[in-house]
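These notes are about the structure you will find just below.
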Amino acid sequence: MMRKLKAKRVVIKVGTSTLVYPDGSINLRAIDQLAFVISAMRHRGRDVVLVSSGAIGVGLNYMGLKQRPKAIPEQQAIAAIGQSELISIYKERFAIYEQKIGQVLLTRDIFVYPKSHRNVLNTFDALLAQNVVPIVNENDTTAVDELDHETKFGDNDQLSAVVATNIGADLLIMLSDIDGFYDANPNEDAKAQLLAHIEKVDQQTYDLAGGSGSRFGTGGMVTKLKAAERMIKADGQMILANGEDPSIIFQIIAGEPVGTLFG
Ligand SMILES: Nc1ncnc2c1ncn2[C@@H]1O[C@H](COP(=O)(O)OP(=O)(O)O)[C@@H](O)[C@H]1O
Ligand SMILES: N[C@@H](CCC(=O)OP(=O)(O)O)C(=O)O
């Protein structure tokens, strides 16, 4: 059955697992597809914001490292290196489709302090009004997790839902390395079944969620459910789908029953 979706303003979140191959190299095909799909959506009058992970994954590849360093300053340095590389790849690929982008790096405290909150919402509005696609990531180089000053979102699943609810998006499309939400962690249970529609997220739903399956990803399913819960509370919807081929977004927008619809 086709889905009826409201999708005038859409946030798309792509995880590291979509952007970086398991061997650590960059999936340029996926980035190119994303640029193509998002540019097409933009040209058809939709407001689109991309929340992209991958700074650390791309940084590791750029520096020829196989593993995330343990020390925080080194991780933050890798993020600085990777973010600039990632955004220059996006810029180049979007330019092929004559689509301009703008980089927005956020920390959690921006949404806590009223003035910075207002400023960042105005920035999103101004970018969208000029037909520019904002590409958002956490500001990994400065975000810290300290008791008196929490600046870290920690994962981009929740960051994407915070952005989506704040800018009044109807739909959050969350692309990952899995076809949707299953009734058990598919890594551990070969009989796990895909759930096509979850109307509300409660403890029972969380009980089905497991951790991340990939080397570079964070959060796993729990943070995706938290994002879905946030969207539903704000009267929005979220679709979790496989980002292996990002042109799946065309099917999602058309209302085809792919992935898991939340809400
Ligand atoms: N119930 C579940 N349904 C689907 N995937 C699950 C479930 N529980 C755990 N997972 C794991 O969560 C992974 C997706 O999370 P993550 O690795 O953080 O991806 P991303 O990098 O896209 O954010 C899946 O590949 C899967 O291994
Ligand atoms: N801000 C980090 C991403 C953190 C994150 O949530 O990663 P993922 O689980 O792959 O979406 C980065 O760009 O590497």
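Hydrogens, waters and symmetry mates are skipped; everything else that's a heavy atom, side chains included, is used. Atoms within each ligand, like the ligands themselves, are counted from 1 in listed order.
Side-chain contact between V136 and S52 is absent, with no heavy atoms from C-beta onward closer than 4.5 Å. Using a 4.5 Å heavy-atom threshold, the side chains of I72 and Q76 count as touching. Proximity of I232 to V201: side-chain heavy atoms (C-beta onward) are separated by under 4.5 Å at one or more points. Side-chain atoms of Y90 and V133, non-hydrogen and from C-beta on, never get closer than 4.5 Å to each other. For the pair M221 and N185, the minimum side-chain heavy-atom distance is 4.5 Å or more.
Interface atoms of ligand 1 facing L208, defined by a heavy-atom separation under 4.0 Å, are 1 (N). For ligand 1 and T16, the ligand atoms under 4.0 Å from any heavy atom of the residue are 21 (O). The ligand atoms of ligand 2 that sit less than 4.0 angstrom from a heavy atom of I56 are 12 (C), 14 (O). Set against the non-hydrogen atoms of S17, the atoms of ligand 1 under 4.0 Å away are 19 (O), 20 (P), 21 (O), 22 (O). The contact set between ligand 1 and N187, taken as ligand atoms under 4.0 Å from a residue heavy atom, comprises 26 (C), 27 (O). Within ligand 1, counting atoms from 1 as listed, the ones closer than 4.0 Å to a heavy atom of P186 are 2 (C), 3 (N), 4 (C), 5 (N), 6 (C), 7 (C). In the vicinity of D155, heavy-atom distances shorter than 4.0 Å reach the ligand 2 atoms 6 (O). Heavy-atom contacts of S53 reach the following atoms of ligand 2: 3 (C), 5 (C), 6 (O), 7 (O), 8 (P), 10 (O), 11 (O), 13 (O) (cutoff under 4.0 Å).
At least one heavy atom of K224 sits under 4.0 Å from some atom of ligand 1. Contact between G243 and ligand 1 is absent, with no heavy atom of the residue lying under 4.0 Å from the ligand. At least one heavy atom of K13 sits less than 4.0 Å from an atom of ligand 2. The closest approach between a heavy atom of G54 and any atom of ligand 2 is below 4.0 Å.
In the candidate list G180, S176, A209, S176 is nearest to atom 14 (C) of ligand 1, counting heavy atoms. By heavy-atom distance, the residue among S17, A143, G15, A55 lying nearest atom 12 (C) of ligand 2 is A55. Among L225, D177, V222, the residue whose heavy atom lies closest to atom 13 (C) of ligand 1 is D177.
Using a distance-only test at 3.5 Å, with no hydrogens or angles considered, no donor-acceptor pair links the side chain of N122 to the main chain of D125.
Ion pairing between a basic and an acidic side chain is recognised when a charged N comes within 4.0 Å of a carboxylate O; D157 and K224 show such pairing. A salt bridge between D189 and K191 is absent, with no side-chain N of the basic residue lying under 4.0 Å from a carboxylate O of the acidic one.
By the 3.5 Å distance cut-off applied to N or O atoms, F181 is not counted among the residues near ligand 1. Considering both main-chain and side-chain atoms, G57 never comes within under 3.5 Å of ligand 2 through any nitrogen or oxygen pair. Distances between N or O atoms of D183 and those of ligand 1 include no value under 3.5 Å.
Proximity of N137 to ligand 2, defined as any heavy-atom pair under 4.0 Å, is confined to the side chain (atoms from C-beta onward). Of the heavy atoms in A184, only backbone atoms (N, CA, C, O) come closer than 4.0 Å to ligand 1. The part of K13 lying near ligand 1 is the side chain, judged by heavy-atom distances below 4.0 Å. Of the heavy atoms in N185, both backbone and side-chain atoms come closer than 4.0 Å to ligand 1. Within the 4.0 Å heavy-atom criterion, the part of D140 lying near ligand 2 is the side chain and not the backbone.
Among R42, K100, Q99, the one residue that satisfies the side chain to side chain donor-acceptor pair (under 3.5 Å) test with N131 is R42. Between L19 and the choices I26, L34, V58, L175, the side chain to side chain contact (heavy atoms under 4.5 Å, CB included) rule is met once, by L34.
Across E138 and K152, no two heavy atoms sit closer than the pair OE2-CA, 3.2 Å.
Open room surrounds CE on M1; 12 or fewer heavy atoms of other groups in view lie less than 6.0 Å from it.
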Just list the side-chain donor-acceptor pairs under 3.5 Å for residues 246-263, sequence neighbours left out, or say none.
{"unit_1": "S247", "atom_1": "OG", "unit_2": "D245", "atom_2": "OD1", "d": "3.0"}
{"unit_1": "S247", "atom_1": "OG", "unit_2": "D245", "atom_2": "OD2", "d": "3.4"}
{"unit_1": "Q251", "atom_1": "NE2", "unit_2": "E256", "atom_2": "OE1", "d": "3.3"}
{"unit_1": "T260", "atom_1": "OG1", "unit_2": "F181", "atom_2": "N", "d": "2.7"}
{"unit_1": "T260", "atom_1": "OG1", "unit_2": "L195", "atom_2": "O", "d": "2.6"}

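Take D140 and apply the side-chain hydrogen bond (donor to acceptor under 3.5 Å, both in side chains) test, not counting sequence neighbours, and it matches no residue.
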